[in-house]
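Convention: sequence-line order gives letters A, B, ...; per-chain numbering from 1.
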Amino acid sequence: MLQLYNTLTRKKEVFKPLKEDEVTIYACGPTVYNIPHIGNYRTFLMTDNLVRILKYLGYSVNLVMNITDIDDKTIRDSKKAGMSLKEFTEKYTEEFFCGLDMLNIKRASAYPRATENVDGMIELAQILMEKGLAYEKEGSVYYRISAFPDYGKLSKLNFNSIKMGASVDVDEYDKDNPRDFVLLKASTQEEIERGIYYESPWGKIRPGWHTECSVMSMNHFGPSLDIHTGGVDLIFPHHENEIAQSEGATDKPFVRYWIHGEHLIVDSEKMSKSKGNVFTLPKLVDKYGGEVVRFMFMSVHYRKKLDFSDSFARHAQNSYFKLRETLENLKFAIKSADDNEYPSDQEVIDLPDNLEDDFRNALEDDMNIPKAIAVYHELSRVSNQYLEAGRNKDVLEKLLSLYRKFADTLGLFAQEGEEVPEKIMELVKIREQARNERDWETADALRDKIVQAGFVVQDTCEGPNVKRQKC
RNA sequence: GGCCGGGUGGCAGAGCGGUUAUGCAACCGACUGCAGAUCGGUGUAGGUGAGUUCGACUCUCACCCCGGCCUCCA
């Protein structure tokens, strides 16, 4: 039974999808105005893990993630770059997808763009206007939060305590209430000159940020969906506003489970340009490898802050290598497996089932991946223990099959099965000969050569185990 | 001020009212031509003060400390 922590109730709840067998998820995606930093990717990875876990538990999943390709920053920075908005955002959309691949994140079923959904946003504004939940002022359309009694239910912020009239008047000429947010923003002269505008009943506009998510999720899933994900900083105001827009328009519950990922910080500090500690993914992936970064991110529960540092990364890397090494060892051993019986067969044969129970229980407990990884390490140890003495084919296959299942569920060890080149195998063969002749000098020289070619050779009683070098 | 988190061994990070988390690092041992991989073992914990209990890291209360959100932000 999967339990998820729902921000709406601030409790772990048993997860039950609307439709028996298909889970609908909407994930807040990137604003494509620069290369996403590693914190962004931590959140995207959280959603990927959620999808993988749901699939592991037997659900089919329909994930939609938006691409925000029009907002203040994209407009501002495209100009700075001397590019059209479209050119500019396409470039960074590509960057975004590259990053997903580096982390082995599965593609969503759709990535709707804000600019492709402006009609829907205008329609939504009209509906809200008709219902008295929105108003026009100076060519912009605003949401009237005072007309939506549930406003604040997600963020638990209390807006009644704001004294109307006292602290409110800063931009009164602009909005009725400073907390009111913009649905459609009147185009500026500059935007019009650059062709970045849309015609609406209220004149030339461009969409406000919050509006796109309501429209796109309802386009794909109708008024209600199962899960909506994003980073904690989106709880307010973004997701609060989505609720106001969607539920205000449809009078139906919008999202059933709100899942929010905690932030990644660096050396105990928030990432910020002024501190110069903003890391981008390609940089990290170069240094540690994509799967290591993925593994590192997964080694902290999604609702806890992840304090990134070099030593943290190195520890994660070692831990990752250990798991990968065991997989290699299993694969190697299975080549020489037999049908003989070994003393520990009976003892080992049932362990995988128990470990899988532990693994599933961990994941079902609000996606406790750190715990699941601990179970994975147990499987690793059990496997290695068996390899010390046993070679029974059935036992080894059972261990290996569970090992791969864990790997797939966690999105690890995806690029398996790289064949060792013929040339390297030649060297290994010659080295074996030298070793048989106890010619250690030649053997060691050959080993150095193999290492220089990027491979490692480990001598075992079943013969040499050749593998690609770590990282 | 309001709302929410959190404080576990050298580091990272889990579960649990009483029995080893797990990994990394360290140390010892085994295996090995050497190496690698691996196995076995060892040590180091639970912010502070009370309370509940036969027994609390785990429950209750108070306090201290740290962080986040309340403005754009994954």
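Taking the P atoms as reference points, B/C63 lies 36 Å from B/U20, given to the whole Å. Rounded to whole Å, the P atom of B/A30 lies 13 Å from the corresponding atom of B/A35. Separating the C1' atom of B/C64 from that of B/G23 is a span of 32 Å, rounded to the nearest Å. As rounded to the nearest Å, B/A21 and B/G15 have C1' atoms that lie 7 Å from one another. Separating the C1' atom of B/A12 from that of B/C31 is a span of 30 Å, rounded to the nearest Å. Atom C1' of B/C57 sits at a distance of 28 Å from the matching atom of B/G40, rounded to the whole Å. Nucleotides B/C39 and B/C4 have their C1' atoms positioned 46 Å apart, rounded to a whole Å. Between the C1' atoms of B/A74 and B/C69, the separation comes to 14 Å (whole Å).
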Residue pair A/Lys398, A/Asp353: steps toward the salt bridge (Lys or Arg N to Asp or Glu O under 4.0 Å) verdict: CA-CA 9 Å; A/Lys398 194 160 183 192; A/Asp353 297 327; 3.1 Å; yes

Worked check of salt bridge (Lys or Arg N to Asp or Glu O under 4.0 Å) between A/Asp448 and A/Arg431: CA-CA 11 Å; A/Asp448 287 347; A/Arg431 177 171 175 272; over 6 Å; no

Chi angles and distances behind the side-chain hydrogen bond (donor to acceptor under 3.5 Å, both in side chains) call for A/Gln458, A/Glu328: CA-CA 11 Å; A/Gln458 298 174 347; A/Glu328 303 280 345; over 6 Å; no

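For an aromatic pair to be called close, the ring centres must be under 6.0 Å apart, and A/Phe88 with A/Tyr92 satisfies this. Ring-centre distance between A/Phe297 and A/Tyr302: not below the 6.0 Å cut-off. Ring centers of A/Tyr111 and A/Phe97: under 6.0 Å apart, within the cut-off.
Regarding A/Asn177, its CG atom lies at a distance of 12 Å from the P atom of B/U71, rounded to whole Å. Going from atom CD1 of A/Ile235 over to atom P of B/C69 covers 11 Å, rounded to whole Å. The nearest whole Å value for the distance from the CG atom in A/Asp310 to the C1' atom in B/A12 is 15 Å. The CZ atom of A/Phe332 sits 14 Å away from the P atom of B/U38 (whole-angstrom rounding). With rounding to whole Å, A/Leu387 atom CG is found 22 Å from B/A30 atom P. Computed from coordinates, the A/Leu154 CG to B/C70 P distance equals 13 Å when rounded to whole Å. Rounded to whole Å, the distance from NZ on A/Lys153 to P on B/C4 is 18 Å. One atom, NZ of A/Lys156, and another, C1' of B/C70, lie 15 Å apart when rounded to the nearest Å.
In terms of position on RNA chain B, the residue among A/Gln458 and A/Arg435 whose nearest nucleotide sits closer to the 5' end is A/Arg435. Summary of the strand contacts: A/Asp71 and A/Arg431 both lie near RNA chain B, and taking for each the nucleotide with the nearest heavy atom, the more 5' one is attributed to A/Arg431.
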Under 4.0 Å protein heavy-atom contacts per nucleotide of nucleotides 14-24 of chain B, with B for base, S for backbone only and - for none: SS-----BSSS

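Summarising the geometry of A/Glu242 relative to A/His210, their closest heavy-atom pair is CG-O, 4.0 Å, with the distance given to 0.1 Å. Between A/Gly411 and A/Glu291, the closest heavy-atom pair is O-OE2, 4.1 Å. For the residue pair A/Ala337 and A/Lys393, the shortest heavy atom distance occurs at CB-CA, 3.8 Å.
Out of B/U71, B/U38, B/G33, the shortest distance to the side chain of A/Pro237 is found at B/U71. Across B/A74, B/G40, B/U71, the shortest atom-to-atom separation from the side chain of A/Arg179 is found for B/U71. In this structure, the nucleotide among B/C4, B/G36, B/G33 sitting nearest to the side chain of A/Arg10 is B/C4. Checking B/G5, B/G36, B/G33 against the side-chain heavy atoms of A/Tyr5 singles out B/G5 as nearest. Listed candidates were B/C69, B/A74, B/G33. Nearest to the side chain of A/Ala443 is B/G33.
Heavy atoms of A/Leu234 sit under 4.0 angstrom from primed sugar atoms or phosphate atoms, though from no base atom. A/Asp444 comes within 4.0 angstrom of a nucleotide base, judged by non-hydrogen atoms across all strands. Residue A/Glu388 is classed as a base contact, given a heavy-atom separation below 4.0 Å to a base.
Proximity of a side-chain donor or acceptor of A/Ser109 to a complementary backbone N or O of A/Val64 within less than 3.5 Å is not detected. In this structure a side-chain-to-backbone donor-acceptor pair under 3.5 Å is present from A/Asn66 to A/Gly29. A donor-acceptor contact shorter than 3.5 Å links the side chain of A/Asn392 to the backbone of A/Asn340.
Checked by atom type, the side-chain pair A/Asp71/A/Thr74 shows a donor-acceptor distance below 3.5 Å. Checked by atom type, the side-chain pair A/Ser336/A/Asp338 shows no donor-acceptor distance below 3.5 Å.
Within residues 254-267 of chain A, the residues approaching RNA chain B are A/His263, A/Leu264, by heavy-atom distance under 4.0 Å.
Stem regions annotated for RNA chain B: B:1-7 with B:64-70, B:10-12 with B:22-24, B:26-30 with B:38-42, B:47-51 with B:59-63, counting only runs of 3 or more consecutive pairs of Watson-Crick or G-U type with both contacts under 3.5 Å.
Applying the 4.0 Å criterion to OP1 and OP2 of B/C69, one finds that A/Lys305 has every side-chain N and O outside that range.
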